[in-house]
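Report on one structure; see the data block that follows.
To find a chain, count down the sequence lines: A is the first, B the second, and so on, and within it residues start at 1. Keep in mind it's a predicted model, so treat the numbers as computed, not measured.
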Number of protein chains: 2
Amino acid sequence: MYVILVYDVGEKRVGKMLKLCRRYLHWIQNSVFEGEITPVKLKELLASAKKIMDMECDSIIVFKSREEKWLDKEVVGKERNELGNFL
Amino acid sequence: MYVILVYDVGEKRVGKMLKLCRRYLHWIQNSVFEGEITPVKLKELLASAKKIMDMECDSIIVFKSREEKWLDKEVVGKERNELGNFL
């Protein structure tokens with residue numbers, strides 16, 4: 001399935017979360033990722049994320065769509081993902 | 001149509017952007033909004049956003065779906081939107 005994942009975590013945990021999410025999805029903006037992922041891999045990702053998160057103040061939202069084609073994407077301003085390859 | 005909007009703007013512009021987006025959509029996380037919006041209203045929102053943004057470093061990504069039911073949403077950790085009513 002196709003997912004959009006957005007996280008909001010404390011500054012101290014941003015680096016770890018970024019690294020984790022990039023193992024599974026494409027980084028498209030600051031704290032936003034997208035990509036094809038299996039339900040099993042998504043569970044694995046979220047289980048690892050929970051270990052990083054402070055559940056009192058951090059959050060992750062995952063939007064799931066069976067097919068990417070059901071979603072149109074419009075970007076305004078600077079596209080970030082070209083940075084992704086250098087980090 | 002149903003949209004998810006995510007912005008990444010410099011700290012100085014966050015307040016203005018938040019205020020603008022909340023006029024059109026529901027705030028669900030730090031810089032993430034969702035909701036039903038007409039194409040005309042979305043154009044209006046993005047035109048106003050462009051006036052706030054520094055196009056060299058800021059960005060907005062809008063995911064559009066014809067129907068909300070095509071998207072499932074899963075939240076891990078703290079849900080932020082209950083704050084929305086108090087701000």
Heavy-atom proximity to chain A below 4.5 Å, by part of [X]:
X	value
B/Met53	side chain
B/Leu46	side chain
B/Val6	both
B/Leu5	neither

Legend entry - Residue, of A/Ile60, A/Val75, A/Val9, that accumulates the most heavy atom pairs under 4.5 Å with chain B: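 Sorted descending by pairs with chain B, the first entry is A/Ile60.
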Inset, instruction - May I ask you to decide whether B/Glu74 forms a salt bridge with A/Lys64, counting only side-chain N to carboxylate O separations under 4.0 Å? - result: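 A/Lys64 and B/Glu74: salt-bridged.
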Legend entry - Heavy-atom side-chain contact between B/Asp72 and A/Phe63 under 4.5 Å: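 A side-chain contact is absent here, since even the closest heavy-atom pair is not under 4.5 Å.
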Inset, instruction - State, with a plain yes or no, whether a side-chain heavy atom of B/Lys78 is found less than 4.5 Å away from one of A/Asp58. - result: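 They are not in contact (no side-chain heavy atoms under 4.5 Å apart), so the answer is no.
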Legend entry - Verify same cluster id: A/Tyr2, A/Val40 (apolar side-chain graph, 4.5 Å):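 Per the 4.5 Å side-chain linkage, A/Tyr2 and A/Val40 are not co-clustered.
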Legend entry - Linked, directly or transitively: A/Val3 and B/Trp70 (ILVMFWY side chains, under 4.5 Å):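 No, because A/Val3 and B/Trp70 fall into different hydrophobic clusters, even though each may have its own neighbours under 4.5 Å.
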Select one option (side chain, backbone, both, neither) describing which atoms of [X] are under 4.5 Å from chain B's heavy atoms.
X	value
A/Leu71	both
A/Val62	both
A/Tyr7	backbone

Inset, instruction - Look up atom CG in A/Asn30 and atom OG in B/Ser59, then write down how far apart they are to the nearest 0.5 Å. - result: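 The distance works out to 8.0 Å.
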